[in-house]
There are 4 protein chains.
Amino acid sequence: MALTGRRKWLNEVIFGTDTPAGRGFDVFLIWAILISVALVLLASVQRIAGQYGELLFALEWFFTVLFTVEYLLRIYCSVNRRLYITSFYGIVDLLAILPSYLALIFAGASTLLVVRLLRVLRIFRILKLVRYLRDANTLMRALYQSRHKILVFYASVLVLCVIFGSVMFLVEGPTHGFTSIPKSVYWTIVTITTVGFGDITPQTSLGQAIASLTMLTGYAIIAVPTGIVTAELASELHYERTLNRCHNCSRTGHDRDAEYCKFCGYKLDEVG
Amino acid sequence: MALTGRRKWLNEVIFGTDTPAGRGFDVFLIWAILISVALVLLASVQRIAGQYGELLFALEWFFTVLFTVEYLLRIYCSVNRRLYITSFYGIVDLLAILPSYLALIFAGASTLLVVRLLRVLRIFRILKLVRYLRDANTLMRALYQSRHKILVFYASVLVLCVIFGSVMFLVEGPTHGFTSIPKSVYWTIVTITTVGFGDITPQTSLGQAIASLTMLTGYAIIAVPTGIVTAELASELHYERTLNRCHNCSRTGHDRDAEYCKFCGYKLDEVG
Amino acid sequence: MALTGRRKWLNEVIFGTDTPAGRGFDVFLIWAILISVALVLLASVQRIAGQYGELLFALEWFFTVLFTVEYLLRIYCSVNRRLYITSFYGIVDLLAILPSYLALIFAGASTLLVVRLLRVLRIFRILKLVRYLRDANTLMRALYQSRHKILVFYASVLVLCVIFGSVMFLVEGPTHGFTSIPKSVYWTIVTITTVGFGDITPQTSLGQAIASLTMLTGYAIIAVPTGIVTAELASELHYERTLNRCHNCSRTGHDRDAEYCKFCGYKLDEVG
Amino acid sequence: MALTGRRKWLNEVIFGTDTPAGRGFDVFLIWAILISVALVLLASVQRIAGQYGELLFALEWFFTVLFTVEYLLRIYCSVNRRLYITSFYGIVDLLAILPSYLALIFAGASTLLVVRLLRVLRIFRILKLVRYLRDANTLMRALYQSRHKILVFYASVLVLCVIFGSVMFLVEGPTHGFTSIPKSVYWTIVTITTVGFGDITPQTSLGQAIASLTMLTGYAIIAVPTGIVTAELASELHYERTLNRCHNCSRTGHDRDAEYCKFCGYKLDEVG
């Protein structure tokens with residue numbers, strides 16, 4: 001069923017990005033989301049909450065009403081309403097306004113904070129930005145192509161962390177901060193990812209030797225995901241260039257922004 | 001000698017992954033291993049061990065008996081029993097059940113903990129998962145191809161760490177936490193791998209200057225293993241694509257999931 | 001309008017790098033900048049400022065006068081004076097001498113420190129060095145080519161940091177150092193970039209579990225910019241080699257420093 | 001002048017690696033160096049030095065005499081004695097034995113420690129190991145090819161560290177541990193390389209915001225050296241494969257360990 005009249009126009013503005021009005025609406029929305037998220041961040045700072053509490057409360061409700069109206073309009077002008085409501089963005093749009101209303105019913109300070117945080121999820125909508133950038137597709141495709149390899153990699157890392165963590169628990173023991181195997185595994189993850197907080201550190205010589213081994217292992221391991229992503233990305237880039245084939249001399253390998261064939265000077269077709 | 005009857009069926013279920021029963025058994029086994037390892041982790045947390053000690057003890061014996069039965073069945077239905085028992089997985093399977101029985105004879109609290117930890121090795125069996133994932137082969141081959149380069153790299157890093165560690169011991173000395181050369185080398189490894197615990201830090205200006213040099217060196221060094229793995233992986237990926245040759249126009253460079261030649265549209269053969 | 005006489009000669013010496021005098025002037029200037037920046041660094045060390053305060057003050061004015069004379073000469077011998085003054089280097093050249101004069105008028109100790117620091121910007125001029133190195137172009141082009149992908153990447157990282165930071169604020173709370181969402185986001189950035197200062201660390205089990213997830217995510221994420229830069233750089237290197245085409249057999253793929261075709265032995269032309 | 005008799009035989013054993021005796025001598029030497037370095041490390045641990053001081057002293061002199069004899073024999077059997085003595089390895093060989101003799105004359109506890117440390121340089125000789133590994137050449141060539149790019153990179157990183165360090169000194173000031181610009185630059189290097197000791201951390205909101213920027217910059221920067229090394233290494237690997245040309249069908253692209261042409265099955269020649 002095709003839309004007509006006002007609904008069609010609203011759909012183009014709210015969902016579309018091809019008309020000036022549609023683009024303007026999206027830019028406005030991104031700014032509204034960014035500002036409303038910034039308000040949530042500021043409201044969590046005690047000093048600011050104490051001084052500007054009422055202003056923040058008023059602004060929060062302004063954005064809640066704004067996003068509620070937007071949500072209702074989106075439902076109104078959808079081609080398939082059920083599809084929109086049950087889609088990922090539909091659910092996020094609902095979750096972005098729900099906490100403020102819930103805070104009215106379940107009025108508890110701590111609960112209030114919890115539900116407010118869900119609003120941060122609204123920032124996911126900014127990911128729409130990604131659609132504007134053609135290069136994001138290359139990135140996504142490269143990550144998607146390497147999903148199996150990354151899974152194998154993470155499984156191996158976790159196995160390694162459990163084993164190293166157990167050994168460290170045995171060697172250092174509760175007296176040096178390694179109070180349990182889960183905590184030792186946490187320490188191993190902190191170490192193997194080269195974060196190194198330093199809240200728990202090995203004190204015995206043997207513990208420090210094993211920690212050194214853990215670090216050097218982590219050092220080698222850091223190479224693997226990089227290698228996977230790079231290889232796939234290089235493969236994608238190569239593929240993109242292969243697409244750009246000259247119709248005159250039928251040679252490929254042109255840069256993505258090339259307009260003329262670098263071998264025969266013939267005008268190249270645009271690639272989508 | 002080919003297996004017949006019950007042994008053949010058991011072999012297909014326990015060792016095989018081609019029948020529904022074989023796949024089901026493997027999935028069940030992986031869950032059992034994961035749960036039993038989780039129990040070992042939980043038993044190391046004092047609070048949990050105090051409250052649910054008896055339940056954890058009972059569950060530990062449940063899994064020990066389960067894995068013992070599985071081990072005996074594996075021996076029973078192996079084509080070549082000696083080969084299985086002396087294989088890597090055969091030894092790990094034995095080590096995974098041995099600690100519980102050993103804890104019965106040598107009943108000491110600390111010893112008990114030590115042997116229990118060996119059971120964590122059982123998690124290695126999960127690596128069987130790897131067999132399901134075709135991409136793991138590419139990863140393994142890339143790492144195997146670059147084993148010599150990685151060895152050279154590690155030797156160089158260790159030499160560098162000993163030299164930097166000795167210099168730091170000389171510059172900072174025992175008063176600033178660099179109590180011995182081995183400890184200084186430990187500090188250098190912590191620093192060069194960019195972990196940076198912060199339990200030992202240089203206090204003198206000269207020490208901080210040398211530490212800066214160490215860090216910037218580590219920064220450059222982190223590039224080398226990544227470079228090695230990536231280059232080999234890209235080489236492997238390129239090789240994989242080369243295999244995918246069209247029988248009609250004999251051109252290569254197709255994606256691994258391509259079904260038709262992208263140059264002439266001819267159906268491509270499957271690549272294993 | 002072409003320059004003549006003294007202005008032409010000065011222009012060649014000060015702006016040019018083709019004559020021995022021009023090269024000599026540039027090398028002299030780089031040393032003067034490096035030494036004057038080193039003086040600013042030393043003057044900030046209280047012990048040195050107390051002992052050699054007057055000497056540092058005298059040297060500071062020596063370099064200020066030197067750079068002022070240089071700045072005036074640059075204006076004098078420019079082909080288009082307005083263009084130089086409003087160019088990036090023209091503004092940096094002015095900013096490099098302004099703080100010293102401003103310190104005469106607004107004589108306050110703290111203000112003095114602020115304006116002196118602007119002089120550090122003078123070091124940007126050392127980037128002229130880059131022009132000497134042909135390889136910098138490859139690097140810059142590779143970074144420029146991947147600017148969109150890097151933007152997408154940074155946006156995603158920031159979204160991730162805000163979400164993880166909010167969750168950590170909720171889980172750990174002000175009692176464990178996570179006093180506000182902005183501070184939690186700061187902690188998440190410290191953790192996801194694998195810096196890990198350790199001034200704020202999660203204390204609860206759930207917090208440590210989420211922290212582990214943050215670290216492993218950071219670990220995977222570190223691969224993405226590396227992958228982007230490497231893929232573009234490899235693409236650039238490949239492009240450079242493609243340029244190097246033999247005029248006899250018209251085959252490419254020669255190394256950048258190759259002088260003879262590796263396939264037919266024919267002398268290769270120089271590539272700029 | 002060609003060597004004859006005993007000198008020729010000694011030269012083959014000591015300098016050569018082609019005869020069984022030469023290889024045996026090298027392996028023996030590497031073990032001697034490793035053990036003697038380990039002794040220096042152990043002697044720095046106070047507890048061990050107190051208990052086994054005399055044994056360590058005796059062993060130290062055993063190795064000193066051994067390496068002295070080796071050094072004299074090397075001079076004796078060199079084809080060109082002056083060339084050996086002034087070569088890099090000749091100087092390191094001398095420096096490896098000198099400290100022990102110097103400790104006899106200038107007998108001061110602290111001086112003794114200093115000179116002993118020079119002996120650690122002897123470990124450089126282990127780098128001879130590198131010669132055995134063919135792959136080290138690829139690695140070295142890749143690093144050598146990218147030396148200009150790495151120089152540009154390090155210059156940029158240092159400029160960035162000085163600027164960020166100055167800004168942090170201004171923002172945080174001496175009260176929060178940023179006592180001088182050099183120390184702030186040290187902190188910036190610790191942060192930008194993602195080491196993050198945590199001995200100095202920003203306390204103000206602005207300082208933490210700038211620190212976040214520093215870290216995210218460091219995150220992007222870590223990609224550059226990796227990109228450089230990887231691109232050159234991939235280029236080298238590609239070059240190596242190009243060398244491996246089939247004499248029958250003249251196609252390249254074979255793996256380094258391939259013995260038969262993958263296109264026509266013809267036996268491939270060995271590549272050095």
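Annotation: ring pair (Phe, Tyr, Trp, His ring centres under 6.0 Å) contacts of B:Phe178 (sequence neighbours excluded): B:Trp187. Remark: B:Gln203 pairs with B:Thr201 by the side chain to side chain donor-acceptor pair (under 3.5 Å) rule, at least two apart or across chains.
Annotation for D:Phe197 and B:Ile200: closest pair CE2-O, 4.4 Å, computed over non-hydrogen atoms. Annotation for D:Val157 and B:Leu216: closest pair CG1-CD2, 4.2 Å, computed over non-hydrogen atoms.
Atoms OG and CG, from B:Ser180 and D:Leu42 in turn, are 9.0 Å apart once rounded to the nearest 0.5 Å. Here the CG-NZ distance, from D:Leu41 to B:Lys183, works out to 15.0 Å after rounding to the nearest 0.5 Å. Here the straight-line distance linking atom CD1 of D:Ile192 with atom OG of B:Ser212 works out to 12.0 Å at 0.5 Å rounding.
Only the backbone of B:Thr217 has a heavy atom closer than 4.5 Å to any heavy atom of chain D.
Looking only at heavy-atom pairs under 4.5 Å with chain D, the residue among B:Pro174, B:Gly165, B:Ala211, B:Gly198 that has the most is B:Gly198.
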